[in-house]
Amino acid sequence: MPKQYSPTESEARWYDFWEASGYFAASEDPDDHRPTYTLAIPPPNVTGSLHMGHACRTTFEDVLCRHKRMQGYNTLWVPGIDHAGIATQVVVERQLKREGLTRHDLGREKFIERVWQWKEESGGRILQQLRKMGASCDWPRTKFTMDPDMVRAVREAFVRLYEEGLIYRDTRLVNWDVESQTVLSDLEVEQEENVEGLMFDFAYPLADGDGEVVVSTTRPETMLGDTAVAIHPDDERYRHLHGKYVRHPFVDRMIPVILDPELVDPEFGTGVVKVTPAHDQNDFATGKRHGLEEINILELDGTLNENGGPFQGLERFEARKAVENELANLGLARGSKKHMMTLPRSHRSGTIVEPMISTQWFVKMKPLAAPAIKAVEDGTIQILPPEWSKTYFHWLRNIQDWCISRQLWWGHPIPAWYCDNCEHVTVAREDATACGGCGSTSIRQDDDVLDTWFSSGLWPFSTLGWPDRTLTLSRFYPTQDMETGYDILFFWVARMIMMGLHFMGEVPFTRVLLAGLVTDERGDKMSKVKGNVVDPLDVIYGATGEELIDKAEKAGAKKAGIKYLRTTYPDGFVAYGADALRMTLLSYSTQSRRIALSMKRIEGYRNFANKLWNASRYALMRLSDSSTQATQQCPQPKALANRWVLSRLYQALDISSTGLDAYRLDEASGALYHFVWDEFCDWFLEVSKPALDSGDAALVQETEATLVHALETVLRALHPMMPHITEEIWQRVPKWAEAPKSIMISRFPSALVDAKIDRGAERDFEVVQAFVGSARTIRAEHHVPMSQPLKIHWHTDDEFKRTVLEAERSTIESLARGEMCFEADAAKLNDAAAHFDNAAVFVNPGVRAAVPGVIDTEKERDRLQRELNKVEKELGVVEKKLGNPSFVERAPEAVVEKSNRDATELREKRERLEVALNSL
RNA sequence: GGGCGGGUAGCUCAGUGGUAGAGCGCUGGCUUUACACGCCGGACGUCGCAGGUUCGACCCCUGUCCCGCCCA
């Protein structure tokens with residue numbers, strides 16, 4: 001085994017081995033009666049390429065699946081990809097653009113063919129990348145949301161909802177993306193806040209006689225669609241306008257003055273509001289209340305239509321300018337001022353969204369939402385972290401109907417056909433050939449496709465065979481955990497719950513785990529433009545600084561982004577490996593919403609992997625000449641260090657299991673990390689050296705048994721988190737005869753068995769650790785080289801401690817590099833200076849020692865003074881507490897008792913230190 | 001405007017009603033034959049601010065200021 005663990009080759013080798021061995025596959029065997037554990041992957045976009053968000057989710061999900069699998073569950077992790085409507089269409093359109101073509105040049109059919117072709121070639125690359133993370137998905141079951149069986153599920157869902165009256169077609173004000181030329185759901189619109197805009201004032205002349213009313217708007221061009229001006233009914237200033245009309249200056253239209261207490265805030269602006277029902281949410285509602293005409297002024301591409309009068313054909317922002325100028329020419333402009341506002345932008349294209357009147361398909365949400373609310377209220381579904389339940393409830397309780405049609409070509413076509421001869425709309429599972437109303441064959445299918453999230457909403461059951469009642473479905477549905485980012489709680493999670501309850505009559509999963517968003521080290525969102533995207537594959541395989549910059553530039557990073565990259569990662573990354581990345585991401589997996597990924601932290605876990613590797617090297621070297629094998633039963637050693645390490649091992653396993661069960665993967669991984677490094681390596685391996693060299697056959701045997709058991713066990717416990725390196729090592733560990741072929745199908749170490757926690761051993765070993773620690777401090781402070789052994793004169797009045805220290809003498813002498821010498825006469829240590837030449841002293845609870853021949857008086861004085869200060873400070877706190885009568889009266893007895901013990905111990909220590917200081 | 005989350009060591013983050021923790025960084029030393037991706041030491045925090053509850057608060061409550069996110 002080489003000195004350094006190199007992950008790259010090893011990870012690939014073991015991954016291939018697992019996959020080829022079929023270990024990722026869930027069992028369909030009817031005689032397999034193991035409980036099931038199912039987790040459906042949040043299907044990444046087919047256009048996607050692995051980013052830290054995926055890496056993070058994949059790691060959590062893989063840990064959960066591997067853990068359950070090792071615990072004996074028939075585990076199914078369903079992989080898949082999402083067709084991602086707009087995102088994909090945009091990618092392919094961009095390709096066409098490079099060839100000088102648009103999708104219209106190809107036509108719908110050819111275009112869709114082209115998308116499929118692209119999907120076959122490069123789509124789904126992300127699934128290969130998930131493998132690099134170690135994902136143990138059941139790959140042969142991979143689903144694509146446009147696969148034929150998914151199409152069937154989507155159609156079934158649509159038709160059923162339609163038949164139940166939950167899907168309807170209606171004219172609404174929708175969010176129109178003029179660039180992508182499609183409607184967007186409310187969730188797909190982002191609000192850009194605090195944009196400085198211009199509030200423009202202009203006057204409408206009264207139709208009869210003199211006078212005018214002044215209105216304000218940030219979108220002057222919309223006045224072309226105004227069909228009313230509104231005032232508050234109680235506004236005395238405008239009482240004279242009741243029942244009057246104003247004249248539109250550009251189009252021949254009389255506009256009524258209406259009274260509306262809901263729309264108008266008399267305090268705001270002039271107290272008069274222009275009403276454009278076809279292009280503003282509030283105005284639309286107002287229009288409905290007053291029966292106003294809805295005049296659409298825009299073409300689908302954002303230019304003005306025939307209702308724009310003289311402005312027809314202008315692009316919307318040009319039209320804005322032109323309207324302003326023309327109003328000024330007519331003397332109707334009344335000035336403008338800066339105004340902070342919020343702009344609605346398209347999630348995808350980034351363009352400013354226009355509210356437009358349009359006929360679209362909707363899903364009635366209230367009836368679907370009610371059971372979904374209940375499921376979380378009554379605990380059928382648990383959301384973690386629990387704070388998110390509030391957000392979930394708030395959204396569902398105020399839910400609006402869901403606009404599901406999209407004016408795209410790529411997606412699930414809406415299974416609705418319109419008849420040329422009658423009004424009937426035919427909605428059918430199979431492609432319709434004739435009108436369901438009049439039988440005419442002159443029908444055409446709806447041009448639109450469904451919102452991508454419509455198919456994703458069915459994911460937990462469509463992937464298992466629905467609408468057929470398959471065995472797979474009955475066996476693996478409902479799934480258990482749904483792990484995903486909180487950013488799609490509404491988009492996806494809530495909709496899956498609603499759809500699952502509606503179509504399956506059962507929740508799709510019982511627990512929702514919401515992970516935070518991965519950001520760069522500064523806490524900024526990763527974005528290609530900012531150049532701060534850390535590619536998980538670069539972390540796994542390494543990349544030079546130039547490669548990082550090159551990649552960022554190609555992705556369109558701005559100068560500042562490149563600069564950030566250059567200064568933050570000048571040397572790029574070495575190959576840290578997937579296991580190190582996984583551990584890092586796990587260590588962040590807390591309640592926090594932000595995961596500011598730090599490269600140094602990844603390096604730390606890479607070092608941990610190496611530590612584990614070298615500890616194993618040591619263990620295997622030491623075992624090489626012996627027949628010792630790992631056993632499934634815990635050995636029963638006699639030596640203190642052996643008993644201690646096993647006790648600590650099972651303690652760590654307990655914490656780790658508790659963490660896993662509570663989805664606190666940071667705690668689960670942390671417990672094992674600290675056990676391996678701080679206890680197994682730093683103490684146990686060091687103690688094992690003299691033990692294995694002792695020549696005492698019994699001691700050697702039990703130490704070997706303990707060593708291999710602890711190593712083999714902790715490897716299994718670590719496997720869900722660091723699958724590759726644990727397999728690499730585990731394969732080399734000598735094991736019991738019927739050991740499985742892979743660690744990933746071995747049994748997860750069961751946590752706590754009380755008998756294995758050895759309190760006595762832990763307490764005794766702590767005495768040893770304290771003694772060794774003190775001796776080491778003296779050596780370090782006085783710069784005594786390792787080549788110079790210490791002589792440690794010690795004394796204790798505590799029989800137990802004396803027994804322990806005597807028994808562990810050889811261990812301590814080896815660890816501290818010194819010779820222990822018990823002084824029966826305690827007085828000698830009280831006045832160490834008189835009895836030992838140039839002695840440094842240390843004080844442990846109940847134990848004192850003098851180390852002659854090392855002293856540098858100044859340094860010793862410093863060290864003792866520092867220690868004394870610390871003791872006095874602590875003692876001050878404790879004494880103050882004990883001096884408070886209400887504390888003694890009211891605090892729990894155990895707390896008071898402990899304080900008393902602490903005080904006694906501290907006083908003794910203070911006294912010893914003072915004596916030592918004075919004798920210097 | 002409403003809601004949610006966060007403000008703890010230089011940095012990134014844990015944390016508990018009973019004397020503040022980790023990793024990295026900093027710092028002193030060390031070829032201790034598993035590991036320098038290491039070992040042994042050391043320094044470093046009035047736990048955002050102000051009140052309150054409590055014998056005791058970083059932790060609970062109220063207010064307040066910053067930062068971030070979501071919704072309108």
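A quick note: this is a predicted structure, and the numbers were derived from the prediction, not measured. In what follows, chains are A, B, ... by sequence order, proteins preceding strands, each numbered from 1.
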Which pairs of donor and acceptor atoms, one on a side chain in residues 678-685 of chain A, lie under 3.5 Å apart (sequence neighbours left out)?
residue	atom	partner	partner atom	Å
A:D678	OD2	A:H674	ND1	2.9
A:E679	OE1	A:R648	NE	3.3
A:E679	OE2	A:R648	NE	2.9
A:E679	OE2	A:R648	NH2	3.3

Can you check the A:R901 CZ to B:U19 C1' distance for me, whole Å?
-> 14 Å
Could I get the full list of side-chain hydrogen bond (donor to acceptor under 3.5 Å, both in side chains) partners for A:E781, not counting sequence neighbours?
-> A:R866
Rounded P spacing from B:G25 to B:G68 in Å | 29 Å
Phosphate OP1/OP2 of B:C39 contacted by A:R779 side-chain N/O (<4.0 Å) = no
Please give, in whole Å, the distance from B:G2 P to A:W395 CH2?
-> 23 Å
Taking atom C1' in both B:U8 and B:C67, what distance in whole Å separates the two?
-> 16 Å
For A:S389, which residues count as a side-chain contact (heavy atoms from CB on, under 4.5 Å) partner, sequence neighbours excluded?
-> A:V376, A:I383, A:F393
Taking CD1 from A:I602 and P from B:C13, how many angstroms apart are they, rounded to a whole number?
-> 13 Å
So what does A:P885 hit on the nucleic acid, given a heavy-atom distance under 4.0 Å: a base, only sugar-phosphate, or nothing?
-> nothing
Within residues 866-882 of chain A, find the residues that approach RNA chain B with a heavy atom at under 4.0 Å, and present them sorted by residue number.
-> A:R866, A:E874, A:K881
Would A:V700 and A:S694 satisfy side chain to side chain contact (heavy atoms under 4.5 Å, CB included), going step by step from the backbone distance to the final call?
-> CA-CA 7 Å; A:V700 169; A:S694 66; 4.1 Å; yes
Do the charged groups of A:R817 and A:E686 touch, with an N to O distance under 4.0 Å?
-> no
Round to the nearest Å and state the distance from A:W388 atom CH2 to B:G6 atom P.
-> 11 Å
Would you please name every residue forming a side-chain hydrogen bond (donor to acceptor under 3.5 Å, both in side chains) with A:T777, sequence neighbours left out?
-> none
What interatomic distance, in whole Å, is found between P of B:G21 and the corresponding atom of B:C44?
-> 13 Å
Rounded to the Å, how far apart are A:E905 CD and B:U19 P?
-> 14 Å
Between B:U64 and B:A22, how far apart are the C1' atoms? Round to whole Å, please.
-> 32 Å
Which whole-number value in Å describes the distance from A:I399 CD1 to B:C71 P?
-> 13 Å
Heavy-atom contacts, protein to nucleotides 22-35 of chain B, under 4.0 Å, summarised as B (base), S (sugar-phosphate only) or - (none) per nt, yield SSS---S---B-BB
When rounded to the nearest Å, what value does the distance between P atoms of B:G23 and B:A9 take?
-> 16 Å
Scan for side-chain hydrogen bond (donor to acceptor under 3.5 Å, both in side chains) pairs involving residues 595-610 of chain A, sequence neighbours excluded, and state none if there are none.
-> A:S587-A:R601
Separation between the P atoms of B:C65 and B:C49, rounded to whole Å | 16 Å
B:G7 to B:C26 separation - P atoms, rounded to the nearest Å | 26 Å
Considering only atom C1', compute the distance from B:U62 to B:C40 and round it to an integer number of Å.
-> 49 Å
What residues, two or more places apart in sequence or in another chain, satisfy side-chain contact (heavy atoms from CB on, under 4.5 Å) together with A:P42?
-> A:R57, A:E61, A:T484, A:W492
Are the aromatic rings of A:F490 and A:Y392 close, with centres under 6.0 Å apart?
-> no
Rounded distance in Å - CZ (A:R776) to P (B:C39) = 11 Å
Got a sec, which residues hit side-chain contact (heavy atoms from CB on, under 4.5 Å) with A:T218, two or more places apart in sequence or on another chain?
-> A:M199, A:H339, A:M341
